[in-house]
Amino acid sequence: MTSLPDAPPPTSAAPSSVPIILDGWEGDDRSGGGSATGGTRDGRRGHAPSDRLFAGLNPQQREAAEYRGAALLIVAGAGSGKTSVLTRRIAGLIESREAWPSEILAITFTNKAANEMRERVEQLLGGRAQGMWISTFHSACVRILRREAETIGKTQSFTIYDSGDTRALLKRIIKELDADTLGFTVAGTAGRISKLKNELTDIETFARSANLSDPQEVMFLEIFRQYTRALRRANAFDFDDLIAETVFLFRAFPKVAALYQTRFRHILVDEYQDTNHAQYSLIRELTMPVSPDIAEEMEQHGRNVGKLRDVVGAIPGASLTVVGDSDQSIYAFRGADIRNIVEFERDFPGAKVVLLEQNYRSTQNILSAANAVIANNFDRKDKKLWTAVGDGDKIVGYTGYSGHDEAQFVADEIEKLHAAGMDYKDIAVFYRTNAQTRALEEIFIRSALPYKVMGGTKFYERAEIKDSMAYLITVANPDDTLALRRILNTPKRGIGPATETQLASYAEDNGFTFRDAMRDAGSLGLGPKVTGAILQLSALLDEAAAKIDPANPAGVAPVADVLTFLLDGSGYLEVLRNSRDPQDEARAENVDELVAVTREFARNNPDGTLVDFLTEVSLVAAADEIDDSSGSVSLMTLHTAKGLEYDAVFLTGIEEDLLPHRMSANEPGGPAEERRLFYVGITRAKKRLFLSLAMTRAQFGETAVAMPSRYLQEIPADLIDWRQSPGAANGRGGSQSRALNARRPGIGGGTAGRWNESYPVGGSAPAERPKAEWPNRVTGKVRDNGDLELAPGDRIRHADFGEGRVTNVTGEGAKRVAHVQFEKVGAKKLLIKIAPIDKL
DNA sequence: CAGGGTTTCTTTTTT
DNA sequence: AGAAACCCTG
């Protein structure tokens, strides 16, 4: 077939919003076929992409969008419009009929980015984009692995273990082997295994190279072996397996690989600087040419690949476009290898390189700061971001006396921005470690500031959610012993560790699964109560499994129904609701929330199965949670912030031992990576950038002195307007400092000298408040003023802010907010229920 | 086996 | 400070 239909090709109905659903692969009409490297050879190039698609691109961007060739590297500085380039490149390929949508594979860093890219491409094309694969590495691999599961000894409903599951499994193995006596820790072992998998070292390869005279290494090998075996028996993959096993699959089964190599003709990878070796290898496999004999065989099996073949009958490799910025590489700790991008031209000879340096995001002041900071990393290609939008406002700096003081500054400035017309959703607060959210959250709650914490103690990591999910997993994948053991005695049914061990060894001895052992609990000679409990649970799970059995004449039940059935039948929710522990109330609400999530899932994916739901949940990233329409300030780690942008950005905790983090000091390349992290944070800001730090920071329940980060000095002084500079905070706060030291004897005052050396004493604005207003801790923690009646005109006293007059009261019930004009610190909003205030 | 009390450890970043 | 691990009793 050489001619093209005029209408867009019919493609399978892959629901665009849910990349995980398996689309009907065979149903994809590939009849148009196409060769990446020979776009014009077979006459497919009906017409060049219209100028409309490239409107508004600068010459470099346009070149990157239009270039046709086997390999293209787009070096895209922060904010240089790479997403525009990528989406237009994809749209151009499709519009010019060089490619069908189903021939496109685009890899993004988060599911959210994937969905956005898909929407933008569809927008550009007017909706003719079904069948594209736009997803993360992990989602794409899951999709492939589910499809090919049988080939590698798994079933289609395999479970995905997250790092928590991995840790739980390793913990048991280490305990059973008594490996902790040899100094093995769960975290250390998990990290080592992860590293090996990211390097594509499987257990056999490792065993061959292991030094067997080292007992330490022998033990590790045994742990690794048992871990691998447990995963296999549980019909489960861990995160790293998803990538590595796909690579192994392609290498072991070239014909399977050929299916994907011929399907995907144009592969695009975003954030290429953060790919690890396994991901790099996956891309290499996918862009490999198909040999003549396999191509021949495919054709004989009815796969219409003829027009892809070259003169010798082979199918050339797919075209590859990668986008990245080595200055934004921040994932070396999980195996990302900066060499992948640095050596791209060597890996793909003849590759074209396009540089994007013009920044469309930030003001020049922000960019100058970013450029100055990153210039301190040696060993990098010099690259300078520039913008045409002008200097903009100065960067604002602030040094708090404590983490809470810093948080109060952030809250106050956010309120000012909001009062000046900026939406909360356009403001973000970044920090290095999740632990830093505590002070921020305390202050934000008290200030009645709407905020959302991205990532951190994620919803899906909460115990009650993991419990509920474990019920679902057990139903979907009965082989998953880990999930089964988790719910065995949750809620309490009198099945203790001893019984659990008995069941496990009964299964082991007879070659059953744990699940089978439960069904056969009657023959174990346990007490009648325990036996009854096990059989009851077993029956409940069987009944639930029947609900999703495709063979069930009643039809397949929605996920929500299965979940509520399990939660009711097990009594899990009831136990939480009847508990005296006040936290269990919130837990029950979370479980209800999960039920709501399953309903939402069913609404978005009418054909979504339980396995689809579990997959989606397993692969949500922190950045996926961000709801653009929400009127909340976003709080997140610097890592989560990658790829995002906000009008105003607060970078908090810019202190030594935090940024750069203490732990990074030992790592080779650590400080440089931390600097890139700072750079990423700075370049997220469009209009306003705030840098803050504290003189003392609570850590492990102790208060320790903190030093300004070395990176602060790298920013030219004239770019920063210090509201309270490190030097000034120290000078003015001398007595404060001593008071703190007196309270906490462990802190030496001698190191504080450095505070004065490098910073101007006194900012351009005087410190707003006397130090006495700033105790190091938030007072009145578990206060409840629920019944306090306040009206405009009332006078109150606040524990920190002193006296003031209520000007307005808004909100209802527990969310009533008092607007107060304080005598010394100005206007504040306070959540009445918990604010440390008294009516005068 | 369950529940309560005490002790110890934690904080790097995440798909 | 808070969570998890551990230990003890009923």
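Letters go in sequence order (proteins before strands), and every chain restarts at 1. Just so it is clear, the values below take in all heavy atoms, side chains as well, and ignore hydrogens, waters and symmetry mates.
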Self-check item: P-based separation of C:dA4 from B:dT13 [nearest Å]
Solution: 15 Å
Self-check item: Counterpart residues, salt bridge (charged side-chain N to carboxylate O under 4.0 Å, His left out), relative to A:Asp325 (two or more places apart)
Solution: A:Lys383
Practice problem: Using only side-chain N and O atoms of A:Thr637, determine if any of them is under 4.0 Å from OP1 or OP2 of B:dT12. | Solution: no
Practice problem: Between B:dT12 and C:dA5, how far apart are the C1' atoms? Round to whole Å, please. | Solution: 23 Å
Quiz item: Which nucleotides of nucleotides 3-10 of chain C have their base under 4.0 Å from a protein heavy atom (B), which only their sugar-phosphate (S), and which neither (-), written as one string 5' to 3'?
Solution: --S-----
Quiz item: Of the nucleotides B:dT15, B:dT13, B:dT12, which one has an atom closest to the side chain of A:Arg334?
Solution: B:dT15
Quiz prompt | Nucleotide B:dT15, atom C1' - distance to NZ of A:Lys112 in whole Å | solution = 17 Å
Quiz item: What is the distance, rounded to the nearest whole Å, between atom CZ of A:Arg167 and atom C1' of B:dT15?
Solution: 14 Å
Quiz item: So, for A:His639 and A:Phe333, is the gap between ring centers shorter than 6.0 Å?
Solution: yes
Quiz prompt | Name of the residue among A:Leu488, A:Ile495, A:Leu535, A:Leu524 meeting side chain to side chain contact (heavy atoms under 4.5 Å, CB included) with A:Met518 | solution = A:Leu488
Quiz item: Can you check the A:Glu673 CD to B:dT14 C1' distance for me, whole Å?
Solution: 12 Å
Quiz prompt | salt bridge (charged side-chain N to carboxylate O under 4.0 Å, His left out) partners for A:Glu574, two or more places apart | solution = none
Quiz item: Should we say atom CZ of A:Arg339 is surrounded by more than 12 heavy atoms from elsewhere, each under 6.0 Å from it?
Solution: no
Exercise. Quickly work out the A:Lys195 NZ to B:dT15 C1' distance and round it to whole Å.
Key: 16 Å
Quiz prompt | With sequence neighbours excluded, residues passing salt bridge (charged side-chain N to carboxylate O under 4.0 Å, His left out) with A:Asp274 | solution = A:Lys642
Quiz item: Can a side chain N or O of A:Thr110 be found less than 4.0 Å away from OP1 or OP2 on B:dT15?
Solution: no
Quiz item: Does NZ or CZ of A:Arg334 lie under 6.0 Å from the centre of the six-membered ring of A:Tyr331, at an angle within 45° of the ring axis?
Solution: yes
Quiz item: C:dC6 and B:dT11: how far apart are their C1' atoms, nearest whole angstrom?
Solution: 22 Å
Quiz prompt | Rounded interatomic separation in angstrom, taking OH from A:Tyr331 and P from B:dT15 | solution = 6 Å
Self-check item: Of A:Thr136 and A:Ser664, the one whose closest DNA chain B nucleotide lies more 5'
Solution: A:Ser664
Exercise. Could you tell me whether A:Phe137 and A:Tyr280 have their ring centroids closer than 6.0 angstrom?
Key: no
Quiz prompt | Protein-nucleotide distance (A:Leu644, atom CG; B:dT14, atom P), rounded to Å | solution = 13 Å
Quiz item: What integer distance in Å separates A:Glu674:CD from B:dT13:C1'?
Solution: 8 Å
Quiz item: Can you check whether A:Asn434 has a side-chain N or O nearer than 4.0 Å to OP1 or OP2 of B:dT14?
Solution: yes
Quiz item: Can the ring centroids of A:Phe650 and A:Phe430 be said to lie less than 6.0 angstrom from one another?
Solution: no
Mind listing the N/O atom pairs, protein and nucleotides 1-10 of chain B, below 3.5 Å?
| from | atom 1 | to | atom 2 | distance (Å) |
| --- | --- | --- | --- | --- |
| B:dC1 | OP1 | A:Gly496 | N | 2.5 |
| B:dC1 | OP1 | A:Gly496 | O | 3.3 |
| B:dC1 | OP1 | A:Thr499 | OG1 | 2.8 |
| B:dC1 | OP2 | A:Pro497 | N | 3.4 |
| B:dC1 | OP2 | A:Ala498 | N | 3.2 |
| B:dA2 | OP1 | A:Gly494 | N | 2.9 |
| B:dA2 | OP2 | A:Asn489 | ND2 | 3.3 |

Exercise. Would you kindly give the CG-to-C1' distance between A:Leu619 and B:dT15, to the nearest whole Å?
Key: 8 Å
Quiz item: Are A:Phe333 and B:dT13 stacked, counting the six-membered base ring, centres under 5.5 Å, planes under 30°?
Solution: yes
Quiz prompt | salt bridge (charged side-chain N to carboxylate O under 4.0 Å, His left out) partners for A:Glu500, two or more places apart | solution = A:Arg485
